[in-house]
Amino acid sequence: MENRHVRVRFAPSPTGPLHIGGVRTALYNYLFAKKHGGDFLLRIEDTDQSRFVAGAEDYIVDALNWCGIQVDEGVSAGGSKGPYKQSERRAIYHKYADQLIESKLAYYAFDTPGELTEMRERMKSAGVASPQYNVVTRGGMKNSLTLPAEEVRERLDRGDNYVIRIKMPRNKDIKFEDVIRGWVSVNTKNLDDKVLFKSDGMPTYHLANVVDDYLMGITHVIRGEEWLPSAPLHVLLYESLGWQGVMPKFAHLPLILKPDGNGKLSKRDGDRLGFPVFPTNWTNPETGEESSGYRERGYYPEAFNNMLAFLGWNPGTTQELFTMKELISSFSLDRVGKAGAKFDFDKTKWFNQQYLRSRSGDDLAKELTPYLKEEGLT
RNA sequence: GGUCCGUUCGUCUAGGGGUUAGGACUCAUGGUUUUCAUCCAUGCAACAGGGGUUCGAAUCCCCUACGGACUACCA
């Protein structure tokens, strides 16, 4: 298993334009894949149709393209493990949820949204800060663990709405070795019975993600730190499905933080401080609101990549200017830091300046001509 | 609140028992350039705090503080 052919994936959900953090995740995945002679896949995780945004998928493909991050397999690239869009894979997920139910590792739940909030309210007033559907509360809910078998069958036959939840073990330590953070251990008593399969017939992220990574032969999951808390659930899913032998290695990347203060970098920070947070221009199809991107602001993709690569990674030498080729040969997950990195727009401008200065006069002239024409200066 | 993760100049970071704690960005100063998103030089500036372990800790351990992520039939 150590010597499996490296396959990694970038799996965004098409809910809007890809921001800097997402591009960096894609970049690191790409660099890692190429460094090890492996494959870089692009998978669209659109299991929530209510959050679908028109044009987002094209935006992602176009942005990656501009950056020079080449997709080996996936949406827009094809491949033998497709389709690469989860909404087109809906037929394959249910059987894995069923498998989990058969092995008693998951169960049906019929609770209505109203009943769920009622339970949460009740728990809150009893002093529980964040109520969960878990070992202690599931006994009082409407599910196949509490309902008589016939009623469960009846409800199922009748076509009642139901979800499938994982049956979190009572008291089990789940450990895994994160490539960047080392051993991480969480006890299942702190985890809840997450919904695996939704009442609309689609899996949730957790199930779809694990099933697809398995089916697509993913060897390393390189993603943002915001996924660290759910990694134990994913590990448990691999074990429950009998796939522990081919479980990918996990690497949770530090977040990109806002330049001032703390917290994740967001679109609002860019607007507020006057710099783009997106690789290319984006127009919100619903509001018509426009957001500027680095491409249209005159940044070279090489500079953009170079800057992104250094936000959380460094080669351990004093070299700062790297071509994509050099990035590939130097990149290593070992040299990715653990702490979040504040975005530095000044440094970004500096990177671009370096690339600008290295252009020949001829190239520069060629690149500038369209602008001169536009201004009627030629 | 709970769980998990984190903490070296203002920022990105190197350094993993003995260093004048190094580099880059920003900033300041001087110089070069009668143009420039110049260039060169110099300078300012950091190990969160407290306990250990050790002859010796920025480096190892513990605690505290602070910060972040997560806590949906969202990803």
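Every chain is numbered from 1, with letters handed out A, B, ... down the list of sequences.
Between the NZ atom of A:K338 and the P atom of B:rC5 there is a distance of 11 Å, rounded to whole Å. Rounded to whole angstrom, the span from the CD atom of A:Q49 across to the P atom of B:rA75 amounts to 9 Å. With rounding to whole Å, A:D192 atom CG is found 12 Å from B:rC73 atom C1'. As a whole-Å value, the separation of A:F310 CZ from B:rA14 P is 11 Å. What separates CZ of A:R24 from P of B:rC12 is a distance of 12 Å, to the nearest Å. In this structure, A:Q319 atom CD and B:rU13 atom C1' are separated by 15 Å, rounded to whole Å. In this structure, A:R359 places its CZ atom 18 Å from P of B:rU38, rounding to the nearest Å. Atom OH of A:Y205 and atom P of B:rC70 are 13 Å apart (whole Å).
At a threshold of 4.5 Å between non-hydrogen side-chain atoms, the residues A:L253 and A:I222 count as touching. With a 4.5 Å cut-off on side-chain heavy atoms, A:M168 and A:L233 count as touching.
Looking at heavy-atom distances under 4.0 Å, A:S230 makes no contact with the nucleic acid at all. Within the 4.0 angstrom heavy-atom criterion, no nucleotide atom of any strand lies near A:R223. Base engagement by A:R51 is indicated by at least one non-hydrogen atom pair under 4.0 Å involving a base atom. At a threshold of 4.0 angstrom between heavy atoms, the contacts of A:G224 with the nucleic acid are absent. No engagement by A:D193 is indicated, since no non-hydrogen atom pair under 4.0 Å with the nucleic acid exists.
Between A:F197 and A:A341, the residue anchored nearer the 5' end of RNA chain B, judged by the nucleotide with its closest heavy atom, is A:A341. Toward the 5' end of RNA chain B, the nearer of the two residues A:H206 and A:G182, judged by each one's closest nucleotide, is A:G182.
Under the 3.5 Å distance criterion, with hydrogens and angles disregarded, a donor-acceptor pair is assigned to the side chains of A:Q86 and A:D212. The closest side-chain donor-acceptor pair between A:R223 and A:H252 falls under 3.5 angstrom. A donor-acceptor contact closer than 3.5 angstrom is absent between the side chains of A:T280 and A:Y294.
Under 3.5 Å, the side chain of A:T204 and the base of B:rC73 form no donor-acceptor pair of N or O atoms.
For residues 312-332 of chain A, the pairs satisfying ring-ring contact (aromatic ring centres under 6.0 Å, His included) are A:Y28-A:F331, A:F310-A:W313, A:F310-A:F322, A:W313-A:F322, A:W313-A:F331, with sequence neighbours left out. Residue pairs satisfying the side chain to side chain donor-acceptor pair (under 3.5 Å) criterion with at least one member in residues 61-71 of chain A, sequence neighbours excluded, are listed as follows: A:D62-A:R295. For residues 149-176 of chain A, the set of pairs meeting the ring-ring contact (aromatic ring centres under 6.0 Å, His included) definition, not counting sequence neighbours, comprises A:Y108-A:Y162, A:F176-A:F250.
Using Watson-Crick or G-U wobble geometry with both donor-acceptor distances under 3.5 Å, B:rU42 finds its partner in B:rA28. A 3.5 Å limit on both hydrogen-bonding distances identifies B:rC5 as the Watson-Crick or G-U partner of B:rG67. Under the Watson-Crick or G-U wobble criterion, with both distances below 3.5 Å, B:rU20 is left unpaired in every strand shown. Pair check for B:rC36 finds none; no Watson-Crick or G-U wobble contact set falls under 3.5 Å.
A gap of 42 Å separates the C1' atoms of B:rC61 and B:rU42, to the nearest Å. A gap of 13 Å separates the C1' atoms of B:rG16 and B:rA21, to the nearest Å. Nucleotides B:rA45 and B:rU13 are separated by 15 Å at their C1' atoms, to the nearest Å. The separation of B:rG23 from B:rG68, taken at their P atoms, amounts to 32 Å, rounded to a whole angstrom.
Annotation: proximity of residues 275-309 of chain A to RNA chain B (heavy atom, distance under 4.0 Å) is found for no residue. Contact check of residues 129-138 of chain A against RNA chain B (heavy atom, cut-off under 4.0 Å) returns A:A129, A:S130, A:Q132. For RNA chain B, the neighbouring residues in residues 156-179 of chain A, judged by any heavy atom under 4.0 Å, are A:V163, A:R165.
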Below 3.5 Å is the cut-off: list the nitrogen or oxygen pairs between protein and nucleotides 40-47 of chain B, distance only.
none

Polar pairs (N or O, both sides) under 3.5 Å between protein and nucleotides 60-69 of chain B?
none

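Under the side-chain contact (heavy atoms from CB on, under 4.5 Å) criterion, A:K347 pairs with A:E320, A:D344, A:W350, A:F351, sequence neighbours left out. When the salt bridge (Lys or Arg N to Asp or Glu O under 4.0 Å) test is applied to A:R7, the partners found at least two apart in sequence or on another chain are A:D39, A:E73.
Not a single donor-acceptor pair under 3.5 Å links the side chain of A:E102 to the backbone N or O of A:Q99.
Between A:H234 and A:Y238, the ring centre distance reaches or exceeds 6.0 Å.
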Donor-acceptor contacts, no H, no angles, side chain residues 225-232 of chain A, under 3.5 Å, sequence neighbours left out:
{"unit_1": "A:S230", "atom_1": "OG", "unit_2": "A:W227", "atom_2": "O", "d": "3.2"}

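No salt bridge links A:E45 with A:K85; every basic N to acidic carboxylate O contact stays at or beyond 4.0 Å. Between A:D269 and A:R272 a salt bridge is recorded (basic side-chain N to carboxylate O distance below 4.0 Å). A salt bridge links A:K267 with A:E289: at least one charged nitrogen is closer than 4.0 Å to a carboxylate oxygen. A:D111 has no carboxylate O lying under 4.0 Å from a charged side-chain N of A:K142, or vice versa, which leaves the two without a salt bridge.
For the pair A:R297 and A:F275, the NZ or CZ position fails the cation-pi test of under 6.0 Å to the six-membered ring centre and within 45 degrees of the ring normal.
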Could you go through A:V6 and A:K35, starting from their C-alpha distance and side-chain angles, then the distance that decides it, and tell me whether this counts as side-chain contact (heavy atoms from CB on, under 4.5 Å)? CA-CA 10 Å; A:V6 168; A:K35 162 89 179 197; over 6 Å; no

Evaluate A:L327 against A:Y30 for side-chain contact (heavy atoms from CB on, under 4.5 Å), listing each step before the verdict. CA-CA 10 Å; A:L327 243 20; A:Y30 173 77; over 6 Å; no

B/S/- along nucleotides 18-28 of chain B (protein heavy atoms under 4.0 Å) is -----SBSS--

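Of the candidates B:rC73, B:rU11, B:rA75, B:rC73 carries the atom nearest the A:L116 side chain, counting heavy atoms from C-beta on.
At the phosphate of B:rC74, OP1 or OP2 sits under 4.0 Å from a side-chain N or O atom of A:K198. Remark: A:N190 is not in phosphate contact with B:rG2, judged by side-chain N or O atoms under 4.0 Å from OP1 or OP2.
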